[in-house]
Protein chains: 2
Amino acid sequence: MSAKAPTVYDVAEHAGVSIATVSRVLRRPGDVREATRERVLASVRTLGYVPSASARGLAARRTGVVGLFFPDFDAMRETTSFVPDRSGSVPVVADPPREDGSPGSDLLYFDEVLRGAEIEAWRNGFVLLVGVGRGSDSESIVSDIAGRVDGLAVLAGSVPDEMLEHIARRIPVVLIAGPRRDDEFDHVSVDNRAGMRALVEHVFAVREADGMLYIRGNIETPDDIERFEGFQDAIAAHPAETRPGVSVVAAEFSRDRARDVATSLVASGHIPDAIVCANDQMALGVLDALQAHGVAVPGRVLVAGFDGIDAGRHSAPRLTTVRQPMEDLGRAAVHVLSRRLGDPSQPPVTLRLPVRVLVRESTSP
Amino acid sequence: MSAKAPTVYDVAEHAGVSIATVSRVLRRPGDVREATRERVLASVRTLGYVPSASARGLAARRTGVVGLFFPDFDAMRETTSFVPDRSGSVPVVADPPREDGSPGSDLLYFDEVLRGAEIEAWRNGFVLLVGVGRGSDSESIVSDIAGRVDGLAVLAGSVPDEMLEHIARRIPVVLIAGPRRDDEFDHVSVDNRAGMRALVEHVFAVREADGMLYIRGNIETPDDIERFEGFQDAIAAHPAETRPGVSVVAAEFSRDRARDVATSLVASGHIPDAIVCANDQMALGVLDALQAHGVAVPGRVLVAGFDGIDAGRHSAPRLTTVRQPMEDLGRAAVHVLSRRLGDPSQPPVTLRLPVRVLVRESTSP
DNA sequence: AGGCGGGATGTATGCGCATACAGTGGAGGA
DNA sequence: TCCTCCACTGTATGCGCATACATCCCGCCT
């Protein structure tokens, strides 16, 4: 690293032109005569000139960056200070099979959204700035990020409304995965309701379930509410004469909690013919319990989840689920941002992405 | 979005102070009397003021951003333009088990590095800027990113050396996962050599393999070279009187290619007692072939890979491997950057992260 | 009462670039 | 030959903020 980074002035002097010409060579090369352009580019190379995005952003009033903000996930809170661990010996450790879900599977959710956002940003000529909330500092972080981008995508619920409105005065904001409310923001989300309805109808189609258990998640969350509505839709649409008995419990989206529910169900002897869960983790917990007690899936009970997490592809039996297009969520968010940046006046947009029911062995006939 | 975002001047006027005071309230609140501070903060809230990072970055000569640059991965090249697909019907599709690795598994590699980088950036008070190369435009993109960050982490090999040196004149650069060469950059990488040596020694410890096959990857890459050296180390360290016969082939890190290799091996009748592969994908290909021909693993042949990809935890038998700490790579990269930003004069650092041999059923005694 | 020190605030400047506007020179037309 | 027009380049300014330095206002000491 040299003492001081070269600026337009240095390049201009070196090339014997004015700074305006240097700037033009970089921004609108067609406006400069070829000979001059070459001379300037040569100087750029010689001096190792890299334009300052801060100065450019200030002068041009746009940064070319879009932001993506997540709430802090568990993995971050746990992390200790990073101590570079000089290598030397290589530990050889047994790695027994784990039955419980790998930790931080919700983290994969973010990964996919992020990947989608990155892809779409890339295609639209933006770079992506990733921010993660840290608990109470969240507000200042969001604000910080908001100051450095042309548009911001935020996971719904991770930032207080007041702050969002604050930010929206400056740049466009798009909310990811929340329900549309009466606000001015753009929204992208998945069709939880239709997805769950289709899932439940699929279960009915496979077998005329005599009794069905629906396991909700955290009943406070929009996702859970929408999925539950989808469940109710399916029940309501079912011909009355064969409508099965249904019962509903909640298990906080937790595999352990769902496992407990299923275990006590088996103990009570009242085993339903089908168990549909508001997410995959809970469905896996149900599988755990049923398997532990020798209850056949799908032979005796059909089981289905929601999300399409990877673990569901590796369970035994593999889990029927509703696959959320996480990556598309990220893409859609940036897509919408990008469009709004092009035309700030358009009315708020809501994009509801389609989901797919993935039929696997846990609901085989 | 209002017509115009408020600036320090607006806030200053609204609060009846000078812009210097506004700036101080935000940057060094202790320097301002409490009453004044409160008044300014109130104005900030009412006006919806968000500081411009561009202006701040320009004035303060630092941005508070660190960059992470990846080469473009396949998933990106394939992507078509994003067309928002309005939802409606929910397709119900069968999702049969796939035996081949899920596409884009190398993409997961990036995800993990990225996650680590994000975590560490977060802990050091930076935000993370993610950039992805697009083939030939790579150079301009890297340069673009370099202009907006205080430091840059780059996947080794994804950017021409000349460009790196160009950038390094302006900001610190750390290379991820490459071998240390005679350069001025900081490096972080994993201990491929020691890892492979430990893996091979583990295989010897499990069973006195009479013949061992080592399947290399793409022999041009540093990773492959280092791992092969580790393999040779293990062989050389083996007592001469019981040193097994070894053979070596290359299969381009490809599952398919490795499957072919193993298949023809079985056909030839010369089946070694152990097969060690330079990555997991190839090891999985070997498992495919052996299983297809009824050759027992680990009963007849021991198989091991390198990387610790997820698919190796779900194969049958599960795959013994060397787990690379991808996430730590990302963390280490940002850690090193952060340290150098604090003390630019320190000599180039090389961090070689330790790996772990994960012993699973594919090398059970 | 005058002077002094220091905390609180204001003034002025520059960070590096984009760009509106003003030159400059040469080709072509009258 | 002189004027016009166009292509190209230079000059001057402002983007929004941080900060060195100047000022001001008090309380307090002598």
Side-chain angles (χ1 to χ4, degrees), chain A residues 3-41 43-44 47-65 143-144 146-150 169-171, chain B residues 3-41 43-44 47-65 143-144 146-150 169-171:
Chain A
K4 185 178 179 315
T7 73
V8 264
Y9 297 100
D10 301 317
V11 175
E13 183 178 351
H14 186 275
V17 298
S18 73
I19 64 162
T21 297
V22 174
S23 181
R24 274 191 281 261
V25 166
L26 267 37
R27 318 245 87 248
R28 309 170 42 172
D31 285 4
V32 179
R33 190 169 26 140
E34 167 143 12
T36 313
R37 195 193 317 147
E38 292 304 331
R39 194 149 37 93
V40 171
L41 287 178
S43 297
V44 166
L47 296 179
Y49 170 66
V50 177
S52 153
S54 291
R56 173 177 298 178
L58 184 58
R61 268 162 287 255
R62 57 187 304 281
T63 65
V65 181
S143 177
D144 176 26
R148 23 182 42 119
V149 299
D150 292 336
R169 296 185 57 165
R170 182 180 232 275
I171 53 171
Chain B
K4 184 179 179 315
T7 72
V8 264
Y9 296 99
D10 300 316
V11 176
E13 183 178 352
H14 186 275
V17 298
S18 74
I19 65 162
T21 297
V22 174
S23 181
R24 274 191 280 260
V25 166
L26 267 36
R27 318 247 87 248
R28 310 170 43 172
D31 285 4
V32 179
R33 191 167 30 136
E34 168 142 11
T36 313
R37 195 193 317 146
E38 293 305 331
R39 193 150 38 91
V40 170
L41 287 177
S43 297
V44 166
L47 295 179
Y49 170 67
V50 177
S52 154
S54 291
R56 174 178 297 179
L58 184 57
R61 268 163 286 258
R62 57 187 304 279
T63 65
V65 181
S143 176
D144 176 25
R148 26 183 39 122
V149 299
D150 292 336
R169 296 185 58 163
R170 182 180 233 274
I171 52 172

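Note on naming: letters A, B, ... go to the chains in the order of the sequence lines (proteins, then strands), and numbering restarts at 1 for each one.
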| Under a criterion of less than 4.0 angstrom to any heavy atom of chain B, what are the 5'-terminal and 3'-terminal contacting nucleotides of DNA chain C? | dA8(C) to dG16(C)
So [X], base contact, sugar-phosphate only, or nothing? Heavy-atom distance under 4.0 Å.
X	result
Arg24(A)	base
Ser54(B)	nothing
Thr7(B)	sugar-phosphate
Ser23(A)	base
Ile19(B)	base
Val22(A)	nothing

Heavy atoms, side chains only, cut-off 4.5 Å: are [X] and [Y] in contact?
X	Y	answer
Thr36(A)	Val17(A)	yes
Asp10(A)	Thr7(A)	yes
Val22(A)	Tyr9(A)	no

| Distance in angstrom units between Arg28(A) CZ and dC8(D) C1', rounded | 13 Å
| request: Take atom CZ of Arg33(B) and atom C1' of dC24(D), then tell me their distance rounded to the nearest Å. | output: 12 Å
For a quick test of reading the model, state the closest non-hydrogen atom pair linking [X] to [Y] and the distance between them.
X	Y	value
Ser43(A)	His14(A)	OG-ND1, 2.7 Å
Leu26(A)	Pro51(A)	CD2-CG, 3.9 Å
Asp150(A)	Thr63(A)	OD1-N, 2.8 Å

Judged by atom type as modelled, is there a donor-acceptor pair below 3.5 Å linking the side chain of [X] to the main-chain atoms of [Y]?
X	Y	value
Arg39(A)	Ala15(A)	yes
Arg169(A)	Leu47(B)	yes
Arg24(A)	Asp31(A)	no

| task | Compute the angle between the rotation axes at the two ends of the helix from dA1(C)-dT30(D) to dA30(C)-dT1(D), each taken over five pairs, rounded to 10 degrees. | result | 60°
| query | Which comes earlier along DNA chain C counting from the 5' end, the contact point of Ala55(B) or that of Ser18(B), where each point is its nearest nucleotide? | reply | Ser18(B)
